[in-house]
Amino acid sequence: EIVEVLKDVFGTTFPQDFYNRWTLKKKWAKLINDPISVPIFKLKIRLQQRGWRQRLQQYWREQQPDLVVSLMPLVNRVLLESLRAELPQTPFITSITDFADCPPHFWIEPQDQLLICPSQRAVDQAKAVGYSTQNLFQTSGVVIHPRFNELITTDRQQARQELGLHPDLPIGLVCFGSHGSKDMVEIAQRLEQSSLALQLVFVCGRNQALAQQLRQMPSRFPRVIEGFTRQLQHYMHLSDFFIGKPGSVGVSEAIAMRLPVITECDPVMTLFQERATADWLADNQFGKVVKNFRQVDKVVAQLLEPKTFQRYQDNVDAYRNRAVFEVVDILERVLSGTAAADSATAPATFSSHHQTALSNSIGVKP
């Protein structure tokens with residue numbers, strides 16, 4: 001049972017529509033995100049707190065969840081307050097899907113609830129605002145789809161040739177999420193003008209205009225241009241490195257598929273919730289972080305130097321993201337009353353006697 005809390009409970013789609021259609025695609029929208037867009041939405045929440053709380057109380061009354069899990073920032077206060085008013089004994093958990101909070105009132109609210117943190121930095125932020133150890137759980141990373149943990153046995157060289165690619169030349173996968181980015185055009189142009197011997201796979205998501213623009217550009221090396229696809233892990237399996245925005249999920253998927261990453265972090269242009277991903281990437285030496293992609297050709301050349309590439313390759317090979325299994329284990333332990341505040345490490349499956357409703361907020365129904 002999928003619950004999109006803004007649409008299904010609050011009756012609005014404006015915040016996600018603006019974010020998907022403008023903020024992810026337009027540089028001017030990124031410029032106003034931190035100082036204007038997010039503060040306006042925070043104000044909207046405050047002004048509509050009472051009405052939203054009443055709608056949520058009615059929703060909890062109808063659904064009678066055993067457990068509520070939020071996967072969404074900004075609304076965790078009203079989610080908890082409404083739940084406490086209607087079902088005071090029902091546990092409430094926020095599972096953070098960025099590598100750190102962006103205070104104030106983004107992911108971590110100073111309130112009595114459980115919190116799942118994908119990094120030590122997020123744990124430290126929670127403790128700084130008063131969370132006790134008993135209310136905190138740390139996972140090995142952000143939650144990604146379990147298919148990125150599955151073993152792929154496809155012959156890489158043969159699969160490359162089937163796509164018209166050279167079986168031995170290095171392949172870079174360029175992907176900026178499900179809505180793409182015009183940065184991909186600049187990356188294509190700058191790598192085209194370089195003397196590097198490589199190939200590129202562009203995954204443009206639902207941005208058909210971007211895919212068409214890339215297809216019309218001449219290229220001196222083999223390439224694949226794909227739109228929205230559910231076979232991203234297949235393209236990652238065929239690739240040697242990843243170029244993309246510092247989104248927590250996209251970067252984590254690439255690293256789970258053993259790809260060193262090149263991403264950007266600009267103090268003005270990069271969305272504030274994505275900057276922590278770049279910090280995490282650099283701290284763990286999983287790839288290179290640049291201010292922008294204007295010198296992407298030089299950065300790719302540096303990455304592909306044998307000793308440098310091997311160092312990054314060894315680092316990503318050693319990392320294991322088991323968060324999707326760890327979170328399910330945490331939820332089961334909370335439901336059974338055996339949860340202990342420590343790092344979840346063992347994979348688990350959800351008990352069959354509970355039904356889950358997955359969404360921006362999750363209700364677990366009997």
Side-chain angles (χ1 to χ4, degrees), residues 4 6 13 15-31 33-34 37-38 71-73 96-100 102 118 141-145 147-148 172-188 200-214 223-237 239 241-257 259-266 269-281 286-290 292-293 296 321 323-324 359-360:
E4 295 185 40
L6 290 176
T13 60
Q16 62 263 47
D17 287 346
F18 183 86
Y19 184 79
N20 290 332
R21 295 179 183 178
W22 299 102
T23 306
L24 294 179
K25 295 182 180 180
K26 307 293 184 180
K27 288 192 173 183
W28 65 262
K30 290 183 179 180
L31 284 171
N33 186 65
D34 298 15
S37 300
V38 172
L71 299 172
M72 187 174 180
I96 300 175
T97 61
D98 293 314
F99 280 101
C102 307
V142 300
V143 172
I144 57 176
H145 197 286
R147 63 173 169 260
F148 291 94
L173 175 65
V174 185
C175 179
F176 280 69
S178 61
H179 294 273
S181 170
K182 286 193 173 181
D183 286 337
M184 297 171 68
V185 174
E186 180 178 12
I187 291 168
L200 295 174
V201 175
F202 295 91
V203 178
C204 304
R206 294 182 173 86
N207 196 330
Q208 297 180 5
L210 172 64
Q212 185 62 25
Q213 184 178 358
L214 287 168
R223 64 183 181 179
V224 173
I225 299 171
E226 179 67 271
F228 180 79
T229 177
R230 299 190 183 279
Q231 299 300 316
L232 184 60
Q233 73 275 22
H234 175 68
Y235 289 116
M236 287 184 171
H237 173 65
S239 301
F241 63 96
F242 177 90
I243 303 176
K245 67 172 185 172
S248 60
V249 173
V251 166
S252 295
E253 290 171 347
I255 294 172
M257 294 296 296
L259 300 181
V261 172
I262 296 174
T263 192
E264 66 172 347
C265 186
D266 183 280
M269 298 304 301
T270 301
L271 297 175
F272 66 83
Q273 69 269 26
E274 294 181 342
R275 295 169 195 165
T277 304
D279 294 339
W280 175 83
L281 181 78
F286 291 146
K288 289 183 170 290
V289 179
V290 297
N292 55 61
F293 292 110
V296 66
N321 181 338
V324 65
S359 70
N360 291 329

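Computation of the quantities below employed the complete heavy-atom set of this structure, encompassing side-chain atoms and omitting hydrogens, waters and symmetry-equivalent molecules.
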Practice prompt. State which residue, out of Val201, Ile243, Leu200, fulfils the side-chain contact (heavy atoms from CB on, under 4.5 Å) condition with Leu173.
Written response: Val201

Worksheet item: Relative to the ring of Trp280, is the ring of Phe99 parallel (under 30°), tilted (30 to 60°) or perpendicular (over 60°)?
Response: parallel

Worksheet item: In terms of the angle between their ring planes, are Phe148 and His145 parallel, tilted or perpendicular, with boundaries placed at 30° and 60°?
Response: perpendicular

Less than 4.5 Å apart, any side-chain heavy atom of [X] and any of [Y]?
X: Val261; Y: Phe286; answer: no
X: Met184; Y: Asn207; answer: no
X: Ile255; Y: Asn321; answer: no
X: Glu253; Y: Leu232; answer: yes
X: Val251; Y: Leu281; answer: yes
X: Val142; Y: Asp98; answer: no

Under the 3.5 angstrom rule, does the side chain of [X] hit a backbone N or O of [Y] as a donor-acceptor pair?
X: Ser239; Y: Gly172; answer: no
X: Ser248; Y: Thr97; answer: yes
X: Arg223; Y: Phe202; answer: no
X: Thr270; Y: Arg275; answer: no

To check you understand the geometry: which heavy-atom pair defines the closest contact between [X] and [Y], and what is its length?
X: Gly227; Y: Val203; result: O-CG1, 3.7 Å
X: Ala323; Y: Gly141; result: CB-O, 3.2 Å
X: Arg230; Y: Arg147; result: O-NE, 4.3 Å
X: Gly244; Y: Phe293; result: O-CZ, 3.8 Å
X: Glu274; Y: Gly247; result: OE2-CA, 4.0 Å
X: Val290; Y: Asn292; result: CG2-O, 3.0 Å

Practice prompt. Let me see the working for Phe176 and Leu210 under side-chain contact (heavy atoms from CB on, under 4.5 Å), right down to the final yes or no.
Written response: CA-CA 11 Å; Phe176 280 69; Leu210 172 64; over 6 Å; no

Interatomic spacing from [atom1] in [X] to [atom2] in [Y] - rounded to 0.5 Å:
X: His237; Y: Met257; atom1: NE2; atom2: CE; value: 7.0 Å
X: Cys102; Y: Leu271; atom1: SG; atom2: CG; value: 10.0 Å
X: Met269; Y: Asp183; atom1: CE; atom2: CG; value: 8.0 Å
X: His179; Y: Phe228; atom1: NE2; atom2: CZ; value: 9.0 Å

Worksheet item: Could you go step by step and tell me if Thr229 and His234 meet the side-chain contact (heavy atoms from CB on, under 4.5 Å) rule?
Response: CA-CA 10 Å; Thr229 177; His234 175 68; over 6 Å; no

